[in-house]
Amino acid sequence: METLIGIDLGGTNVRVGVVTPAGKVLTSADALIQAARGPQYGLERIITLIEQVLTLVPEANLRAIGIGATGPVDRARGSIQNPYTLPTWEDVDIVGPLSARFGVPVDLENDADAAALGEAWIGAGRGYSRVAAVTVGTGIGYALVTDQAIEYGVDGAHAEGGHVLIDPHGPPCYCGGRGCLESLAAGPAIAARAQQAASGNATAMIQLAGSLEAIDARVVVQSARGGDALACKLVAEVAEWLGLGIVNILTLRLPDCVCLGGGVMQAYDLFAPGIAAVVARHSIVIPAERVKILPMQLGGLAGVIGAARAAWNKDQERNS
Ligand SMILES: [Zn+2]
């Protein structure tokens, strides 16, 4: 049976799955990447995981390996350039060692691109032709998939939708800008704003968190569900900012589907009405009625599935 390996390499965890060309995950396994121990350790962990999952599918005829890695990645050279979320992983060749060990083509993608392709293929974006994916978690990621192909920028670069400008007077962002979507609406930004707003206020968020400093995005969401006025106000603000970010995407890229995922979007239902209201208000000159905004469906497997599909796409191109 023809199979693919999909790898989702994050800053903390790596997940490896055996995936069929129809997108079914036959088995998967995880390990901690422990970036501080260096890339050699991480590469060995990844190779061991691949060997492990392959022994669980003895009938597997491995065709290709796809990696979706926390970026930046150099796709042309097959190397990871990421001292930010993978400390010590700078200029690390990941494609070479894996293709040498397993004797199949290896494809490297940015993790947000891989997850978007997974969702476009067999997740929330299935059946749509232009699928934009936005993940809201520790950061905010964005990718566009057109007819099952990842859209790249110049030299294969990955678009950074978390750094579109929402408020030029907003909080500073590590990218050098101010008021980027990510510096307003990502998990840590929600936590920081909530702590600031809760200080000296009677709010259920402090009791729920145990202390002011312990308030995080999860506490904000839970308190809003409980009807806490301040938490509801924070959720409404964040929904507005996310809505503006999505309006920018709609205006420039005209997708027919936007899927939302990531840790913060586990509370998709809470943010969805606010996002929809902003989109309705700002999308008069574009065919916004054609756009479906949906929660992602593949959860923690989107990256594995999408990386496998990217590798499959490349394999098909080579053989055509
Ligand atoms: Zn920024």
Side-chain angles (χ1 to χ4, degrees), residues 9-12 35 68-75 80-87 89-90 109-116 132-145 150-197 215-218 220-221 234-253 255 258-268 271 274-275 278-279 282 293 296 303:
L9 174 58
T12 310
T70 171
V73 300
D74 185 331
R75 294 182 49 255
I80 291 177
Q81 309 287 343
N82 191 343
Y84 317 107
T85 53
L86 277 173
W89 287 64
E90 192 166 8
E109 304 290 344
N110 173 285
D111 59 348
D113 285 336
V134 178
T135 49
V136 188
T138 311
I140 294 185
Y142 156 81
L144 184 73
V145 173
I150 295 165
E151 189 184 83
Y152 304 108
V154 60
D155 296 335
H158 169 74
E160 292 292 348
H163 299 275
V164 292
L165 182 57
I166 300 296
D167 176 6
H169 308 292
C173 179
Y174 68 90
C175 73
R178 211 169 237 290
C180 297
L181 183 57
E182 183 166 316
S183 71
L184 291 165
I190 298 172
R193 190 161 176 90
Q195 289 174 17
Q196 202 182 28
I215 295 175
D216 58 11
R218 194 181 298 265
V220 175
V221 160
L234 290 164
V235 164
E237 278 178 359
V238 171
E240 170 110 23
W241 288 321
L242 289 172
L244 290 173
I246 291 167
V247 165
N248 289 337
I249 293 169
L250 299 186
T251 307
L252 290 169
R253 310 318 319 271
V258 178
C259 32
L260 300 176
V264 174
M265 282 300 117
Q266 282 173 14
Y268 173 82
F271 294 94
I275 292 172
V278 177
V279 169
H282 289 274
I293 300 179
M296 289 184 182

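Just so you know, residue 1 is the first one in the sequence shown, and it goes up from there. Side chains included, hydrogens not; waters and symmetry mates left out as well; all remaining heavy atoms used. In listed order, ligands and their atoms are each counted from 1.
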Exercise: identify the closest heavy-atom pair between Glu182 and Ile140: OE1-N, 3.0 Å
Protein N/O/S count near the Zn ion (ligand 1) (criterion: distance under 2.8 Å): 4
Of all heavy-atom pairs between Val264 and Ala217, which one has the smallest distance, and what is that distance? CG2-CB, 4.4 Å
For residues 150-171, the ring pair (Phe, Tyr, Trp, His ring centres under 6.0 Å) pairs (sequence neighbours left out) are His163-Tyr174
Taking distance alone, no hydrogens or angles, what donor-acceptor pairs closer than 3.5 Å link side-chain atoms of residues 183-193 to residues at least two apart or in another chain?
unit_1: Ser183; atom_1: OG; unit_2: Pro171; atom_2: O; d: 3.4
unit_1: Ser183; atom_1: OG; unit_2: Cys180; atom_2: N; d: 3.1
unit_1: Ser183; atom_1: OG; unit_2: Cys180; atom_2: O; d: 3.0
unit_1: Arg193; atom_1: NE; unit_2: Glu237; atom_2: OE1; d: 2.7
unit_1: Arg193; atom_1: NH2; unit_2: Glu237; atom_2: OE1; d: 3.4
unit_1: Arg193; atom_1: NH2; unit_2: Glu237; atom_2: OE2; d: 3.3

Let me confirm one number: the CD1-CD1 distance from Ile293 to Ile246, rounded to the nearest 0.5 Å. 5.0 Å
Show me the pairs that pass salt bridge (charged side-chain N to carboxylate O under 4.0 Å, His left out) and involve residues 165-181, at least two apart or across chains. none
